[in-house]
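The next block holds one structure in the form of structure tokens; read it before the comments.
Since the structure is predicted, the reported quantities are computational estimates derived from the model, not experimental observations. Convention: sequence-line order gives letters A, B, ...; per-chain numbering from 1. As a basis for the values below, the full set of heavy atoms in this structure was taken, side chains included, without hydrogen atoms, waters or symmetry mates.
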Amino acid sequence: MGSLRDVLSPFTAWKHVIETPVTIKNPIGREAADRYRGFHQNDTDKCIGCGSCEDICQNAAIDMIPVDNPKDGDSGLRPQIDYGRCCWCALCVDVCMTGSLTMSNEYTWVDSDPDAFRFIPGVDKMPWDDFEKGYERQGDRMLSGLTRPEMAELEPEARIGNFDEIVAGYSREQAVLEADRCVECGLCVATCPAHMDIPDYIAAIREGDYDLGTQILYETNPFSEVCGRVCTHKCETVCAAQYEGEPIAIRWLKRHIIDNVSEERRLEIVGTPQVLPTGQKVAVVGAGPAGLTAAYDLARSGHAVTVFEAQDKPGGMMRYGIPEYRLPYDALDRDIAVIKAQGVEIKTGTRIGTDITLDQLKADYDATVLSIGLHLGRSTRVPGSDAPGVEAAIDLLRRITAGEEVPVPKKVAVIGGGNVAMDIARSMARLQKQKFGEVGVTVTALEDFDHFLADKEEVTESFEEGIEILDARGPQEIVTFKSGKRKGHVKGLRTWKVTSIFDEQGRFTPQYDEGDEMVHEVEMVVEAIGQMADISLLGDELTEALEWNRGRIAVDADGHTSEPWLWGGGDAVHGPDVIHAVADGHKIAASVNVALMAKAEAEK
Amino acid sequence: MRDLIEKLTPRYTLGNATYQRADLTFVDVTRDELRALLLELRDKEGFTHLVLLTAVDWIEEGKFQLTYMINNREADQTLGLRLYIDRNDAEGDTIHDIWPTAATYQRELREMFGIAFPGSPRVDEEFILEGWTDMPPYRRDFDTLAYSQQTYVEREGRETHDPRATMKHKMYPEG
Ligand SMILES: Cc1cc2nc3c(=O)[nH]c(=O)nc-3n(C[C@H](O)[C@H](O)[C@H](O)COP(=O)(O)OP(=O)(O)OC[C@H]3O[C@@H](n4cnc5c(N)ncnc54)[C@H](O)[C@@H]3O)c2cc1C
Ligand code: SF4
Ligand code: SF4
Ligand code: SF4
């Protein structure tokens with residue numbers, strides 16, 4: 001038995017006997033406790049319509065209802081709750097990815113219409129919408145992790161003297177932890193230009209089924225080795241996990257799948273074309289991601305595809321632009337091997353326009369795809385920009401990849417603030433380190449650091465590698481030696497401080513503070529301010545005949561140009577990155593397919 | 001509480017002491033020592049009150065955790081004794097003779113988790129679930145969602161939409 005005190009303590013309640021009773025006759029109007037779980041509230045501006053609340057509800061009380069048009073990162077759906085089923089457990093509040101869903105402490109409400117007890121909190125206005133009291137999750141989202149596993153990377157000292165790949169890739173343990181954070185809402189799928197089935201391949205990682213993962217990747221993208229490393233990962237900018245933590249590392253998870261499936265196994269999973277040859281022939285000009293994706297799809301549809309490539313090796317900017325330390329060549333080769341296995345013939349070292357004319361392709365093939373990218377570097381055209389010692393970034397990058405000798409002086413200036421500028425700066429830094437044991441690269445960018453164009457990681461890693469980046473500096477002149485042995489050769493770069501880049505109408509008209517002048521003493525100036533397409537292969541007649549859109553070949557939504565035999569895509573038409581080129585490749589292939597089928601039908 | 005745990009340690013197998021708050025402590029105990037320990041704590045250490053008896057389903061480990069929360073009002077201290085039992089042979093030892101209220105908790109655990117307490121008064125009678133035929137609902141392998149979908153009718157006119165399919169349909173209808 002308990003102590004005497006325990007036995008007697010109930011009698012202490014007797015002292016309340018003359019007080020007002022705690023129970024009341026009519027509970028309506030009596031306020032509940034401060035943290036009571038009553039009718040829901042939803043901040044519908046904050047809610048992204050991810051449906052996690054619906055998924056977790058163990059009473060199937062929630063439906064997702066369209067209240068607005070979907071846009072990037074927001075399905076336009078909002079949760080509707082059926083209070084005939086809700087048990088007020090608040091799991092939905094605890095899982096909510098944005099913290100938009102809360103509960104008021106209102107629990108009494110009388111209505112004779114049962115359907116009134118099914119409504120969309122925040123959309124269907126209710127008296128308790130603005131109640132402060134009620135239940136909200138304490139602290140950050142707790143039901144799923146908030147941070148990514150840290151990616152192993154080469155330390156600056158270990159990477160600056162070579163072109164070894166920096167990022168190591170996730171281990172199985174890391175990948176599973178990260179995959180577990182994904183709520184499979186699918187909000188990211190629309191934002192991915194190729195609409196990759198992201199939640200599905202993440203689920204495959206969780207299951208440990210890498211074969212299935214590979215199969216899912218190949219349904220939308222034959223460049224997973226490439227995209228798993230260098231994709232611009234726009235999908236991550238809309239990920240539901242970003243609101244109270246880090247977005248899912250979608251790109252690294254993609255790479256993790258492909259890291260775990262050998263090239264031989266991939267060939268088994270992807271297989272070869274399963275249709276009878278159509279007997280129709282397609283020519284593709286340019287072996288970048290746009291052309292090779294179109295070639296992959298078209299070959300799998302049974303057409304005989306020949307890709308003509310000016311360079312010695314296929315891959316386009318993936319090989320000749322993106323440096324090896326971000327994308328090793330053997331990774332790219334593994335992607336291309338699967339494409340070749342579909343029977344795609346790649347004729348390298350063949351430039352259309354000089355080796356073979358475009359007219360010849362028009363005559364010999366049933367359809368022609370133009371995916372020539374942007375391979376001419378733009379110049380600043382400041383005085384001195386034609387002097388020896390001035391280089392174009394993409395030209396240098398190409399020569400480095402091709403193994404050609406490139407001049408490596410002790411001091412180099414790079415003009416430009418985008419990712420290409422970072423790529424050439426970091427490549428030159430590596431060559432300098434190898435040659436002189438030290439780095440001497442200065443990047444001058446028009447934009448200030450608050451509006452920088454290059455990715456944050458690129459800037460951070462450049463600094464780590466000893467590269468100097470000067471923001472808000474505009475080139476005025478490339479200074480040359482006026483006399484002596486090196487007369488005419490680059491001596492330095494003169495810059496002014498930038499005060500603004502665009503005028504009120506948003507036109508590009510940089511303004512400078514002329515009093516803030518610097519002369520950077522360098523022996524080489526690299527211009528990395530943009531690229532344009534080399535359209536000389538078109539010839540005058542075709543150039544005239546084609547429709548144009550602001551200097552680029554105009555195409556319809558399917559990538560068809562105004563010429564019935566010609567399609568175009570990738571950087572030369574749209575840009576700006578690999579995954580957009582892949583998406584273009586798919587669209588073009590689908591359109592060419594339809595046209596060729598019609599052609600075959602007509603010839604019957 | 002550290003003193004008490006230290007004092008008991010030579011005679012009992014105590015593990016994993018967690019000093020959660022100044023007035024709240026948890027410790028693992030063994031089944032064969034539970035009875036002796038509860039009696040000693042009640043009669044010699046002032047833990048006269050059984051606050052509650054509840055369970056946690058550690059399905060991955062194949063165990064149920066029984067938690068005996070006892071309170072010393074004088075010292076304003078609560079102690080939680082954690083006892084792990086085999087999930088496949090879920091049986092605990094009744095303590096209704098130490099605290100009569102335990103019988104009610106044991107009846108609840110029998111119903112909600114399917115843990116047997118042989119000898120506990122009325123332990124096999126229905127508690128709050130009437131006519132329950134399914135697996136005990138607090139077991140983690142009980143599928144609450146499937147149960148509620150099978151058991152309760154949907155109100156008419158309900159329709160839901162998948163976020164991904166909605167976006168696909170509206171944002172890139174071309175496919
Ligand atoms: C330095 C640099 C870094 C980049 N980094 C990234 C990145 O990290 N992530 C990302 O997603 N994107 C990146 N990009 C962009 C990406 O590489 C391109 O968007 C993509 O490669 C475009 O694909 P494409 O198929 O349109 O053209 P390209 O890849 O440029 O391929 C076009 C091909 O056509 C060939 N060609 C051109 N004219 C002819 C002709 N007349 N006859 C035969 N062949 C011809 C070219 O030699 C080339 O191989 C980067 C680009 C550069 C320049
Ligand atoms: S409170 Fe619980 S039962 Fe009610 S809608 Fe939310 S998750 Fe479902
Ligand atoms: S979980 Fe939150 S953000 Fe997602 S749909 Fe539900 S209320 Fe909106
Ligand atoms: S990656 Fe992010 S946005 Fe995509 S399904 Fe997973 S949680 Fe949703």
Neighbour count above 12 (heavy atom, 6.0 Å) for B:Tyr152 OH: no
When A:Asp63, A:Ile65, A:Asn59 are compared by non-hydrogen pairs under 4.5 Å with chain B, the top option: A:Asp63
Cationic N near anionic O, under 4.0 Å, B:Glu154 to A:Arg85: yes
Atom group of A:Asn69 that falls short of 4.5 Å from chain B, counting heavy atoms: side chain
Heavy-atom contact with chain B under 4.5 Å, split by part of A:Ala583: neither
Side chain proximity check, B:Met171 to A:Asp72, heavy atoms < 4.5 angstrom: yes
Other residues, nucleotides, ligands: >12 heavy atoms within 6.0 Å of B:Trp58 CH2: no
Residues, nucleotides or ligands: over 12 heavy atoms within 6.0 Å of A:Glu207 CD: no
B:Arg164 bridged to A:Asp197 by N-O distance under 4.0 Å: yes
Lys/Arg-Asp/Glu bridge criterion (N-O < 4.0 Å) met for B:Arg155, A:Asp82: no
Rounded distance [0.5 Å steps], CG in A:Asp55 versus CG in B:Asp162: 8.5 Å
Nearest atoms (heavy-atom pairs only) where B:Thr160 meets A:Met64: OG1-N, 2.8 Å
A:Cys185 to B:Pro163 - nearest heavy-atom pair and separation: O-CB, 3.8 Å
Greatest number of heavy atom pairs closer than 4.5 Å to chain B - which of A:Ala190, A:Ala590, A:Gly84: A:Ala190
A:Pro70 to B:Thr166 - nearest heavy-atom pair and separation: CG-O, 4.2 Å
Which portion of A:Leu77 sits near chain B, non-hydrogen atoms under 4.5 angstrom: side chain
Closest-packed option against chain A by number of heavy-atom pairs under 4.5 Å, given B:Glu159, B:His169, B:Glu156: B:Glu159
Which atoms of A:Glu54 approach chain B - backbone, side chain, both or neither, heavy atom under 4.5 Å: side chain
Toward chain B, the part of A:Cys188 with a non-hydrogen atom under 4.5 Å: neither
Side-chain heavy atoms of A:Leu187 within contact of B:Met167, under 4.5 Å: yes
Residue part contacting chain B, namely of A:Ile48, when any heavy atom lies under 4.5 Å: neither
Residues which pass side chain to side chain donor-acceptor pair (under 3.5 Å) with B:Thr54, listed by chain and number, not counting sequence neighbours: none
